[in-house]
There are 2 protein chains.
Amino acid sequence: MNTVNLKQLAKELNVSVSTVSRALRDSWEISTPTKQRVFELAKKMNFQPNPYASSLRKHRSRTIAVVIPEVANNFFALAIKGIETIAREKGYHVLIYLTNEDAGEEMSVATSLQSGRVDGVILSLSGHTTDIRHLVELQQRNIPLVFFDRVCDSIGAPRVVTNDYESGFVATEHLIRAGCRRIAHLAISMELSISHKRMKGYTDGLRRYDQPFDDGMVVHCEDSDEENYKKIRALLSSPDRPDGIFASVEKLAVQVYHVCRELGLDIPRDVKVIGFSNLVTASLLNPALTTISQPAYDMGKEAATILFRRLEKKYILPPEDSVILPAKLEVRSSTI
Amino acid sequence: MNTVNLKQLAKELNVSVSTVSRALRDSWEISTPTKQRVFELAKKMNFQPNPYASSLRKHRSRTIAVVIPEVANNFFALAIKGIETIAREKGYHVLIYLTNEDAGEEMSVATSLQSGRVDGVILSLSGHTTDIRHLVELQQRNIPLVFFDRVCDSIGAPRVVTNDYESGFVATEHLIRAGCRRIAHLAISMELSISHKRMKGYTDGLRRYDQPFDDGMVVHCEDSDEENYKKIRALLSSPDRPDGIFASVEKLAVQVYHVCRELGLDIPRDVKVIGFSNLVTASLLNPALTTISQPAYDMGKEAATILFRRLEKKYILPPEDSVILPAKLEVRSSTI
DNA sequence: GGGCCCGACTACAACGTTTTCGTAAAAAGA
DNA sequence: TCTTTTTACGAAAACGTTGTAGTCGGGCCC
């Protein structure tokens, strides 16, 4: 445990604790020679101020929390990197919490964050969050909250998202133009607003091109990879199987590849595949996967930037400042 | 900011602050009815103890730091997940710091951690760390340090690694048995002990099978993806190009795929490829990539477990307790 | 020379917990 | 009945910083 503190420096230098404290914060109340002496000794003794004492006194922890459903996923990993980059620049520390897509865990994390442990929170909802009281409470306690990607519409907080509706539309359109006439959509938790938007993009895309909507073509996937595998397998085994698949998240696209391999279906001949994904290996897959890729790193940076704007400005900011970054369609062999 | 505190609870209940504090910690010194009353009010007022006050008083933050070179990488992402899982179980919080493979950033992080902000540190070295004074200093301040994967041999600290030497040997052996006669090794920073071990496995593998060692076949890669690309391209463009490649990290294996595609080289016919990797899509690549995969999640869990053992036991533990988890060779088409 | 300001400090009270040391009353022991 | 122990609590001092409110000597002005 750290043991060199202000008192020791003060004693050594024959000045008061307050003088040392102020000298270190480069206050104008302290003469230059004194500051010099303090700086030197602090450096020599490798003094590191106790952050907990400081936080307690200042009601400010210079720490933020990042709450995400999972991390073993390029999207969230890159977002973390973006957040950490900005946080480091600003001299903030980053606590990380994984909810594992569990609303209960998310709630308990959020509740524990009410303690004032962090100055602000960046969050991406779990797939099963319906009750958002824990998030409202955070706001009520004046702890700024910024959403990214999996945002919550029913709460007034800044958010950073991609153009999910348009992306869903574009993905569907792309498949239709590639000749698909039975397009399936692999959706995730319909609790999430991004799911709705992607789905709406899908249905509107179908409508726009006068394609019939068949709700047998919408597969609602869950957390369990095994279950999803079965559902996708069932979908692709059926006599009227789709000739195009739009996967709303990366892991589902990957599963489609596995299923096709097992069933001996050829991508893209038998079925074309497009998916939301940030896989670095998308272009190396067999066949290369057409993706809608989100600017994860920039989203993280943006979310952090917005949060710090709130933390640092004294004047009131509008309750919302949303940022919508465009996702990018990268056409590859899986849809050609 | 949180504003309900012990004093308020105490006033409301007409007891002293100490009583409330003790009641909440379920002390035997407090009568059951009093505890009941305290618990109820605390719940009703949604009391969350101020962690900073507590940490200051107890010299214990219930927080650990995870310091890693990067996060947008399945290995480290999974390790984080393992660490976070154990930390959550133990009621600890996890701070994350990315060094971006920069020794300077690693040093500044480690130095700032001397403040007592965390109770312990789990670290994987940056690729350029040579000076380890900042880590020694941490230990001297009694902040337990546990290494994982990229460990530091010259410092007495517990470590969690895979059998890198054996893996290097096995990878090389596998290529030789597959018929390769000119095997290249794509190495990373030779500052790292894992690099040495993997390399030693490689050279010993060659020797064991009476293959000549050609140091033109060892490519020392850096951080810059462009530079690496050029080096790999040069390697594969040369007239006496290798017929087998052993990549010591995932991103290099991926680069090999890109280069081969560009040069029109067929994997595995022209060149066979094996690499350390935790890619979930390894089996879906074109061709499927033979990997040495490390049990990243378990390594994270193990590292955290060791750290908490140190944090929680009162009695002295041996300075070292290393864990070596086996990596796994997964043979796929890229070496067949 | 008395009042005033000013530069450069110091003293002390916070911040919200935990913990040490008491102590009154009740229970137990003699 | 009187001491001793136990039970259940309270007062106050930490923990290391920071902010507020002085203090004190000296220079300046009139």
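Chain A is the first sequence line, chain B the second, and so forth, proteins listed ahead of strands; every chain is numbered from 1. These numbers were taken from a predicted model, which means no experiment stands behind them.
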How many whole angstroms separate atom [atom1] of [X] from atom [atom2] of [N]?
X       : N      : atom1 : atom2 : answer
A:Asn5  : D:dC15 : CG    : P     : 8 Å
B:Arg57 : C:dT18 : CZ    : C1'   : 4 Å
A:Tyr52 : C:dC15 : OH    : C1'   : 16 Å
B:Lys7  : D:dA11 : NZ    : C1'   : 14 Å
B:Arg62 : C:dT17 : CZ    : P     : 16 Å
B:Leu24 : C:dG16 : CG    : P     : 16 Å
A:Lys58 : D:dG16 : NZ    : P     : 17 Å
B:Leu6  : D:dC9  : CG    : C1'   : 15 Å

| Least distance between heavy atoms, A:His128 atom then A:Asp223 atom | NE2-OD2, 2.7 Å
| task | Search all heavy atoms of B:Thr130 against all heavy atoms of B:Glu191 and return the closest pair with its distance. | result |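 So the two residues come closest at CG2-CG, 3.4 Å.
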| message | Is it the case that the base of D:dA11 and the side chain of B:Ser18 share a donor-acceptor contact (distance under 3.5 Å, atom types as modelled)? | response | yes
| Considering only heavy atoms and no angle criterion, is a donor-acceptor pair shorter than 3.5 Å present between the side chain of A:Arg22 and the base of D:dT20? |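 Such a pair exists between side chain and base.
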| message | If you take any heavy atom closer than 4.0 Å to DNA chain D, which residues from residues 26-45 of chain A end up in contact? | response | none
| B:Val20 or B:Ala53: which one's nearest nucleotide on DNA chain D is closer to the 5' end? |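 The answer here is B:Val20.
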| task | Select one nucleotide: of C:dT17, C:dT10, D:dT17, the one nearest the side-chain heavy atoms of B:Asn50. | result |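 The nucleotide sitting nearest to the side chain is C:dT17.
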| field | B:Ile64, B:Leu138, B:Leu135 screened by side-chain contact (heavy atoms from CB on, under 4.5 Å) with B:Leu113, the one that passes | value |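 Running side-chain contact (heavy atoms from CB on, under 4.5 Å) over B:Ile64, B:Leu138, B:Leu135 with B:Leu113 returns exactly one hit, B:Leu138.
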| message | Counting the atoms with a prime plus P, OP1 and OP2 as sugar-phosphate, which does B:Ser21 contact under 4.0 Å by heavy atoms, base, sugar-phosphate, or nothing? | response |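 Since a base atom lies under 4.0 Å of B:Ser21, the category is base.
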| NA contact type, A:Arg25, heavy-atom cut-off 4.0 Å: base, sugar-phosphate, or nothing? | sugar-phosphate
| message | If the cut-off is 4.0 Å, is B:Ser54 near the phosphate of C:dT18, judged by side-chain N/O to OP1 or OP2? | response | yes
| If you draw a 6.0 Å radius around NZ in A:Lys35, do more than 12 non-hydrogen atoms from other residues or ligands fall strictly inside? | yes
| query | Where the side chain of A:Thr63 meets the backbone of A:Ser61, is there a donor-acceptor pair that is under 3.5 Å apart? | reply |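 Indeed, once roles are kept as given, a pair shorter than 3.5 Å links the two residues.
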| query | Does B:His93 have its ring centroid less than 6.0 Å away from the ring centroid of A:Tyr97? | reply |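 That pair passes the under 6.0 Å test.
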| field | Parallel, tilted or perpendicular: ring planes of B:Phe148 versus B:Phe76, cut at 30 and 60 degrees | value |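 Correct class here is perpendicular.
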